Undergrad: 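One structure is given below, represented as structure tokens, and several questions about it will come after.
All figures in this text were calculated on a predicted structure; none of them were measured in a lab. Start at 1 and go down the list; that is how both ligands and their atoms are numbered. Note: hydrogens, waters and symmetry copies are ignored here, and every other heavy atom, side chains too, is used.
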Amino acid sequence: MELIVLGCSGSVAGPDSPASGYFVRGSGQESVLLDIGPGVLTAMQATEGIEPSECHVVFSHMHADHCLDFPSLLVWRRFHPTAAATRTHTLLGPAIAQQHLSMAGADYPDSPDDISDTFDVRVHEVGFGVFDANSWPSHTVGDFQVFAAPAVHTTEAYLTRIHDAQGKSFVYSGDTAATDTLAQFAQGADLLLCEAGWGETSEGKPTGMHMSGQEAGRAAAEAGVTTLVLTHVPPWGDKDAALRGAQREFDGEIIVAHAGMVLNF
Ligand SMILES: [Zn+2]
Ligand SMILES: [Zn+2]
């Protein structure tokens with residue numbers, strides 16, 4: 001599986017990275033875009049081998065830093081003179097996604113944009129307990145199986161797990177506060193892409209919103225993943241501190257995400 005970090009800046013786009021957006025390619029022809037925050041469509045255009053009209057889209061949640069380039073993607077898919085979408089792709093997200101997205105690019109507040117011409121909209125289904133691919137509910141998205149579990153955040157939000165046809169697996173925390181669910185859901189995954197927006201620890205930070213590097217490291221250790229990738233550090237945050245926190249808890253490989261990073265696993 002290949003993971004391209006299009007944008008990893010937490011909460012807002014930063015001077016050296018768009019906001020959240022991750023491109024996933026498996027062994028087949030299909031690809032999935034996870035979140036499309038501000039600046040992500042720009043990064044897609046700048047990345048060789050990515051055709052914006054040729055991917056499925058999965059949303060972790062509908063905060064602005066994870067979805068506000070979506071109206072521009074619709075323009076690209078519908079109106080690009082030579083590279084418009086030639087088929088419908090899957091859009092998988094929270095139950096509130098359709099309403100949010102149909103308003104984001106609407107001409108007027110009372111005329112939501114019906115996106116069913118270009119996306120088949122589906123809603124995450126969650127499982128509970130220790131992850132088991134055989135019993136957990138899932139959606140088939142292109143060549144991938146996509147699983148979800150509830151995140152702890154200020155809006156409807158999901159942890160996402162993606163398996164490709166070769167059996168490789170990858171978990172994306174989206175935005176979440178520390179929760180035992182993450183380690184249970186990420187059991188045995190090859191890679192955990194985990195937010196560490198709070199820096200080294202969560203001491204003194206608001207509850208129910210984000211994780212620290214230390215909490216990300218603890219989740220990676222408890223889940224037994226091979227690689228931990230830290231992400232969603234805001235421009236005012238401290239990536240080195242997030243890394244220090246994670247290293248306290250996790251002995252495996254730890255990578256700090258940056259825009260343009262390509263990971264093969
Ligand atoms: Zn965010
Ligand atoms: Zn959020």
Undergrad: Can you check the angle at the Zn ion (ligand 1) formed by NE2 of His232 and NE2 of His66? Round it to the nearest 10°.
TA: 100°
Undergrad: Can an N, O or S atom be found in Asp175 less than 2.8 Å away from the Zn ion (ligand 2)?
TA: yes
Undergrad: So, 2.8 Å as the limit: is an N/O/S atom of Asp65 located closer than that to the Zn ion (ligand 1)?
TA: yes
Undergrad: Is the His66-Tyr172 ring centre distance short of 6.0 angstrom?
TA: no
Undergrad: With a 3.5 Å cut-off and no angle check, do the side chains of Arg122 and Thr90 form a donor-acceptor pair?
TA: yes
Undergrad: Is there a side-chain contact between Leu191 and Met1 (heavy atoms, below 4.5 Å)?
TA: no
Undergrad: Applying ring-ring contact (aromatic ring centres under 6.0 Å, His included) between Phe185 and each of Trp136, Phe170, Phe147, report the one that passes.
TA: Trp136
Undergrad: Can you give me the ND1-the Zn ion (ligand 2)-NE2 angle for His63 and His153, to 10°?
TA: 90°
